[in-house]
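Values in this document were obtained by computation on a predicted structure and should not be read as measured data. Note on naming: letters A, B, ... go to the chains in the order of the sequence lines (proteins, then strands), and numbering restarts at 1 for each one.
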Amino acid sequence: AQSVTQLDSQVPVFEEAPVELRCNYSSSVSVYLFWYVQYPNQGLQLLLKYLSGSTLVKGINGFEAEFNKSQTSFHLRKPSVHISDTAEYFCAVSDQGDDKIIFGKGTRLHILP
Amino acid sequence: DTEVTQTPKHLVMGMTNKKSLKCEQHMGHRAMYWYKQKAKKPPELMFVYSYEKLSINESVPSRFSPECPNSSLLNLHLHALQPEDSALYLCASSQEWSNEQFFGPGTRLTVL
C-alpha cells in the first residue's frame, strides 16, 4: 500500500529566508503527487501537483517542488518565505487510476519575524 | 464555478440529535469525498462516491450515513454521534483522471 512520510512535523524559519519541506513516498510504478496547504480554520488548497512530464513543478504563491523518482521524493521549496505562509502543509500521493489519495502527517511552517 | 461549497460552516449538536452536512460542486467532477479531520492531523478518508455510487467506505460507524442525490450534491447524515466525533468535516471532488481533489472549507462539528 502507498504511504507518505513527512519527517518534519514543524519547521521554523525566519521571514525572507528559503525553506524546504520534505516528502518521501513508497515506491510505485506510476503516481500522482500533490502538495496542499491548510491555513488556520480553512479547508485544503492545492499548491502544486505532479502528474507527468517535467520533474520541476511550479505552483501558487512562489512554491515549487521537484519529483525525484530514484529517491521517491517530492520536496517543496520556496526561496523567500513571508509571514502569510504560516500554515500546515500536506504532501499527498495517489496511484494512477486510484480514487484515494494518501496524505502525509503534515508539516507546520512557522515563520519567525 | 471552480469551488466546492459546504453548509453549515459550524454545527453544534447533542448526542441524540439528527443533522445533515451538505456539499455541492458544479465543476462536473465525477468523484466526491467525505473526510474527517481532527486538530493537528491530516484528513482521514470516510467515503468516496464515483458516478453517484458509493465506491469506498473506510469502515465508518453507521451513525454516519452518506448520500449522493445527484452528481453535484453530497450529504452526510449524522445520528447519535459521540463527543469524539467532534472534528472538521471536509468535502472534496475530483475529475475523472487527475485525482486532484478540490476541497471545500469544511464544517466544524461539535458534539456535546
Side-chain angles (χ1 to χ4, degrees), chain A residues 1-11 21 23 25 28-53 57 59-60 65 74 86-110, chain B residues 2-7 9-10 21 23-25 27 29-59 68 74 87-110:
Chain A
Q2 193 62 261
S3 67
V4 180
T5 302
Q6 291 181 250
L7 283 172
D8 304 306
S9 60
Q10 184 166 304
V11 172
L21 305 185
C23 173
Y25 63 96
S28 179
V29 177
S30 296
V31 294
Y32 297 140
L33 293 155
F34 310 90
W35 275 99
Y36 284 89
V37 61
Q38 186 174 31
Y39 299 104
N41 300 311
Q42 294 187 28
L44 276 69
Q45 180 183 7
L46 183 72
L47 273 179
L48 47 78
K49 62 186 176 187
Y50 172 80
L51 303 180
S52 66
V57 180
I60 62 171
F74 191 55
T86 298
E88 190 83 23
Y89 291 80
F90 293 100
C91 180
V93 61
S94 73
D95 291 327
Q96 289 185 22
D98 195 342
D99 270 339
K100 291 171 66 169
I101 65 173
I102 309 300
F103 286 92
K105 292 188 174 180
T107 298
R108 176 160 294 278
L109 181 59
H110 183 49
Chain B
T2 58
E3 65 173 3
V4 176
T5 58
Q6 289 187 245
T7 54
K9 293 187 82 168
H10 301 276
L21 309 185
C23 173
E24 194 164 359
Q25 59 91 10
M27 294 178 278
H29 289 174
R30 61 93 181 163
M32 295 186 77
Y33 309 77
W34 279 117
Y35 289 87
K36 173 183 177 181
Q37 186 180 28
K38 300 285 267 186
K40 301 187 191 302
K41 298 287 186 185
E44 297 172 37
L45 183 64
M46 300 174 73
F47 303 103
V48 181
Y49 272 82
S50 179
Y51 294 109
E52 302 169 47
K53 286 186 169 35
L54 184 64
S55 63
I56 297 176
N57 177 340
E58 293 286 291
S59 303
C68 189
L74 186 66
L88 181 67
Y89 287 83
L90 294 164
C91 174
S93 67
S94 68
Q95 290 176 328
E96 174 80 44
W97 59 272
S98 74
N99 278 24
E100 173 188 346
Q101 293 186 16
F102 292 75
F103 284 81
T107 294
R108 175 76 59 189
L109 174 68
T110 303

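Contact between B/Pro42 and A/Gly104 at its shortest, heavy atoms only, is CB-O, 3.2 Å. The two residues A/Tyr32 and B/Asn99 have their closest heavy-atom pair at CD1-CB, 3.9 Å.
Neither the backbone nor the side chain of A/Glu88 comes within contact range of chain B, judged by heavy atoms closer than 4.5 Å. Only the side chain of B/Gln37 comes within contact range of chain A, with at least one heavy atom under 4.5 Å from a heavy atom of that chain. Only the side chain of A/Gln38 comes within less than 4.5 Å of a heavy atom of chain B; its backbone N, CA, C and O stay farther away. Heavy-atom distances place the side chain of B/Glu58, and not its backbone, under 4.5 Å from chain A. Residue contact with chain B, scored on non-hydrogen atoms closer than 4.5 Å, involves the backbone and the side chain of A/Ile101 alike. In this structure, chain B has heavy atoms under 4.5 Å from both the backbone and the side chain of A/Leu44.
For B/Lys41, the NZ atom counts as loosely surrounded, since its 6.0 Å shell holds 12 or fewer non-hydrogen atoms of other residues, nucleotides or ligands.
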**OP:** Carefully, step by step, assess A/Asp99 and B/Arg30 under the rule side-chain contact (heavy atoms from CB on, under 4.5 Å).
**Re:** CA-CA 11 Å; A/Asp99 270 339; B/Arg30 61 93 181 163; 2.8 Å; yes

Subject >> Evaluation steps, side-chain contact (heavy atoms from CB on, under 4.5 Å), between B/Gln101 and A/Tyr36 >> reply: CA-CA 10 Å; B/Gln101 293 186 16; A/Tyr36 284 89; 3.7 Å; yes

**OP:** Walk me through it: do B/Glu100 and A/Leu51 pass the test side-chain contact (heavy atoms from CB on, under 4.5 Å)?
**Re:** CA-CA 9 Å; B/Glu100 173 188 346; A/Leu51 303 180; 5.8 Å; no

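Note on A/Arg108, A/Gln42, A/Lys100: by heavy-atom pairs under 4.5 Å with chain B, the leading option is A/Lys100. Among the candidates B/Pro43, B/Ser94, B/Ser55, B/Ala92, the residue making the largest number of heavy-atom pairs closer than 4.5 Å to chain A is B/Pro43.
Taken from NE2 in B/His10 to CG in A/Asn41, the straight-line distance is 7.5 Å, to the nearest 0.5 Å.
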